[in-house]
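Worth knowing before you read on, the calculation uses all heavy atoms, side chains too, and leaves out hydrogens, waters and symmetry mates.
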There are 2 protein chains.
Amino acid sequence: MRAGLTTNTVVQAAAAIADRDGLGGVTMSSLAAALGVKPPSLYAHVGGAGDLRARLASLAEAELAEALAPAVAGRAGGEALRAAARVYRSWALTHPGRNAALQLVPTADEPSSARVTELLLAVMRGYALPDSEAIHAARAFRAAIYGFVLLEAGGGFRLPQRAEDSYERLLDLLDRGLHHHPQAQPQKLISSRATATGSS
Amino acid sequence: MRAGLTTNTVVQAAAAIADRDGLGGVTMSSLAAALGVKPPSLYAHVGGAGDLRARLASLAEAELAEALAPAVAGRAGGEALRAAARVYRSWALTHPGRNAALQLVPTADEPSSARVTELLLAVMRGYALPDSEAIHAARAFRAAIYGFVLLEAGGGFRLPQRAEDSYERLLDLLDRGLHHHPQAQPQKLISSRATATGSS
DNA sequence: CCCCGGCAACTAAGATGATTAGGCTAATAC
DNA sequence: GTATTAGCCTAATCATCTTAGTTGCCGGGG
């Protein structure tokens with residue numbers, strides 16, 4: 001009985017399990033069962049459990065980039081920052097397993113990772129910072145929304161305040177802080193392209 | 001041969017392994033070996049692998065609170081914020097396994113978790129925000145430094161810029177954003193005590 | 001001083017997961 | 001139609017977690 005699997009099919013199925021049962025629920029056994037196949041058959045498509053996790057990380061990063069791109073396109077400054085941040089949170093909460101997979105180390109130099117970095121730098125361009133400061137700012141932005149979503153998804157917020165409200169305050173805070181950056185340049189409309197080739 | 005183990009000994013040993021080999025390196029086997037004991041003996045002290053991880057999470061949260069308290073004491077505003085943030089990053093980078101364990105769900109209502117929340121709220125007190133805003137701000141602060149350290153420890157920063165510099169910019173950014181908060185009250189020196197009883 | 005109860009550690013054994021080796025057969029190439 | 005590839009299988013090995021039942025050290029009461 002040919003099940004017609006491919007590497008992509010397998011990794012997609014793993015992502016679905018991760019979103020449903022958590023990253024820990026992804027085992028070669030559970031994955032094989034979900035695909036109607038015995039565990040050893042998976043080794044024809046992925047290198048093993050470790051390779052599977054690395055591919056899951058790559059898939060997650062790629063899907064995140066896909067989700068972020070349209071949010072950033074055509075927006076600038078605080079509008080771009082808020083749109084990107086909201087899209088990220090929404091994606092992460094609807095795909096908790098994929099979001100958790102972002103913490104895994106992808107196999108090699110990940111092109112999607114560079115893409116995400118470029119998108120975040122594009123957001124920072126709206127704040128007219130020097131290039132070097134933009135990189136620090138992009139890291140800060142990524143860290144803040146990443147940490148927030150991890151805490152929220154992990155049940156770290158136990159006071160009654162709604163996480164959604166806190167998130168909007170966080171975005172306001174970041175926006176204010178970036179606007180008041182001491183090195184903000186009044187006009188930098190046509191900034192040179194960022195030369196990022198990896199994660200920020 | 002009595003090895004003289006206690007629950008604390010066992011969890012401490014697990015934390016040491018986590019810091020050295022990563023959270024994944026903590027298994028009942030490796031832990032037993034490190035303690036000079038056979039795996040089944042551990043069940044006299046911890047309930048099993050799951051219980052061990054929960055206790056590891058509690059230990060990490062408690063040690064984090066221990067580390068933060070002196071940094072916050074006697075400081076206010078940006079000084080308190082920077083001191084707390086630097087202590088956290090330093091602790092996390094020297095104890096990567098314990099830091100990773102913060103993501104695990106502790107057994108029950110964790111008193112240390114409330115303690116950390118209180119310390120973060122104490123930092124926010126220096127910015128003279130209304131109580132409700134202080135909670136949002138504390139969440140933002142925690143999320144930002146937590147996310148940053150996770151990204152840094154996970155190798156998420158691949159551009160040549162030094163992570164340490166980025167961290168200082170993040171702290172500047174947060175400090176500026178909090179100072180310019182629209183609801184900042186000019187004087188609120190003796191604010192009522194926060195009533196947090198759980199994580200922020 | 002000696003006995004004894006409890007507890008800490010053991011051995012033995014079963015379950016689940018990862019992985020390798022080797023065989024069988026369905027799809028494809030010519 | 002045959003040969004070849006490749007997808008899937010069974011069988012078997014190893015590591016880990018866990019439970020059950022056993023042994024023996026250690027401290028307190030006689």
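Residues T117(A) and R142(A) form a side-chain contact, since some pair of their non-hydrogen atoms from C-beta on lies under 4.5 Å apart. Counting heavy atoms from C-beta on, the side chains of R98(A) and W91(A) come closer than 4.5 Å.
Proximity of residues 31-54 of chain B to DNA chain C (heavy atom under 4.0 angstrom from any strand atom) is restricted to V37(B), K38(B), P40(B), S41(B), H45(B). Against DNA chain C, the stretch residues 12-30 of chain B makes no heavy-atom approach under 4.0 Å.
Among E63(A), E61(A), E66(A), the one residue that satisfies the salt bridge (Lys or Arg N to Asp or Glu O under 4.0 Å) test with R115(A) is E66(A).
Ring pair H181(A)/Y127(A): centre-to-centre distance not below 6.0 Å.
Side-chain N or O atoms of R75(A) include none that pairs as donor or acceptor with a backbone N or O of A80(A) at under 3.5 Å. Of the possible donor and acceptor atoms, one in the side chain of R139(A) sits under 3.5 Å from a partner among the backbone N and O of Q161(B). Listed for the D51(B) side chain is no donor-acceptor partner under 3.5 Å among the backbone atoms of V46(B).
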